[in-house]
Amino acid sequence: MNFSSRCSLGTLVVALSLPVFVGDHDLAAADDLANDYPLFVSTWPFGKPANELALKTVVGGGVLLDGIEAGIRLTESDFENASVGIGGLPNRRGVVQLDACIMSGKGHQAGAVGAIEGILHPISVARRVMEKTPHVLLVGQGAQDFALSQGFAVQQLLTSKARRAWEQWKAKQLANPPEGSHDTIAMVGLDAAGDLAGGCSTSGLAYKLPGRVGDSPLIGDGLYVDNEIGAAGATGVGENVLRYCGSFLVVEYMRQGLHPQEACIKTIERIARLDPLNVDELFINFIAIDKKGRFGAAGTGEGFQYSVTYPGYSKVLKSAALSSRSVGITGGNQPESVK
Ligand code: SD4
């Protein structure tokens, strides 16, 4: 990670002549980058305290995955966060069902849980799936049974605030979840040895159908880590990510040599080009880091905020933003040549 490698993003974006709002990334480039590992990048402003705990955990002697797990657990424990862990908005029947995954670049290991109920820290269960079973993904009752066998306790995750919101939603029989009802944490990290890891945790879309699993626990969708290249994570409407292997695609664009932020932009452009939805209706956001320690993010519409932390630095930044105006399309399966 050095000054010139980060500055090159500006050049790259200008060269592509895309009317994309590039966000705050170039501000980060101006900062002192000495002593800059481990690096943690996560979704949304609430990722900042999570990153900071992750950093503290690794600086205190933990491995990178310990940092990722500790940081995400902090968000899962936050009663005020209506989209992750306790306090998460429930499904249509009023039950909180959580999705999470974790991935280690070293050894290319992964673990995940989908639609797990009553367990406060699905990220930790995902790690146990990775470390203690021959499997990658456990769902529903089986995931909860496994968690219990590992010493996790079942508890009520539906807070009175979330219950009231669900009751109001039910009373109005709203067809769609309210604005702002999705705010997953995805976190990716890079340590001083050059190893990458990541995690993702969510209560998923508010008032989803029972049993619905989004992108967040699916490797390649809500998260992907390739220890040779980089790591990416997603937040937003999972259905619009998991039909495109979104995080995998971001990493593949980085493999082709793109800067992480440009890889996020390219991924959204590609999804928008294929999808019948207008780019402004996709509600998808990506974060990414590469093996060199460069980072970036992009989101649809106004974009989104993401958090970046390394020793001596911790900030909330604005992602690049892609609207139908900036990508020049309005949705509808347009072939590449039209662009
Ligand atoms: C999901 N992607 O379950 C998650 C929700 C989310 O920001 O990211 N919200 O579809």
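Atoms within each ligand, like the ligands themselves, are counted from 1 in listed order.
Side-chain atoms of Asp275 and Tyr244 include a donor-acceptor pair closer than 3.5 Å.
Using a 4.0 Å cut-off between charged nitrogen and carboxylate oxygen, Arg73 and Asp66 do not count as a salt-bridge pair. The residues Glu302 and Lys318 are annotated as not salt-bridged, no charged nitrogen and carboxylate oxygen being separated by less than 4.0 angstrom. Using a 4.0 Å cut-off between a side-chain N of Lys or Arg and a carboxylate O of Asp or Glu, Arg164 and Glu167 do not qualify as a salt bridge. Under 4.0 Å is where a charged nitrogen must lie from a carboxylate oxygen, and between Lys208 and Glu239 no such pair does.
Close approach of ligand 1 to Thr235 (heavy-atom distance below 4.0 Å) involves ligand atoms 6 (C), 7 (O), 8 (O), 9 (N). Remark: ligand 1 atoms within the under-4.0 Å shell around heavy atoms of Asp215 are 1 (C), 2 (N), 4 (C), 10 (O). Listed by number with element, the atoms of ligand 1 under 4.0 Å from a non-hydrogen atom of Gly204 are 3 (O). Per-residue contacts place Gly236 under 4.0 angstrom from the following atoms of ligand 1 (heavy atoms of the residue considered): 1 (C), 2 (N), 4 (C), 5 (C), 6 (C), 7 (O), 8 (O), 9 (N), 10 (O). Close contacts between ligand 1 and Ser216 involve ligand atoms 2 (N), 4 (C) [criterion: under 4.0 Å to a heavy atom].
Looking at ligand 1, you won't find any N or O of Gly214 less than 3.5 Å from one of its N or O atoms. Residue contacts with ligand 1: Gly238 is placed with a nitrogen or oxygen under 3.5 Å of a nitrogen or oxygen of the ligand (distance criterion only).
Under 4.0 angstrom from ligand 1, the non-hydrogen atoms of Asp183 all belong to its backbone.
By heavy-atom distance, the residue among Lys208, Gln97, Arg212 lying nearest atom 3 (O) of ligand 1 is Arg212.
Note on ring orientation: taking the six-membered ring where Trp is involved, the planes of Phe304 and Trp44 are perpendicular (angle over 60°, cut-offs 30° and 60°). Ring geometry, Tyr310 versus Tyr313: the interplanar angle falls under 30°, so the pair is classed parallel (tilted spans 30 to 60°).
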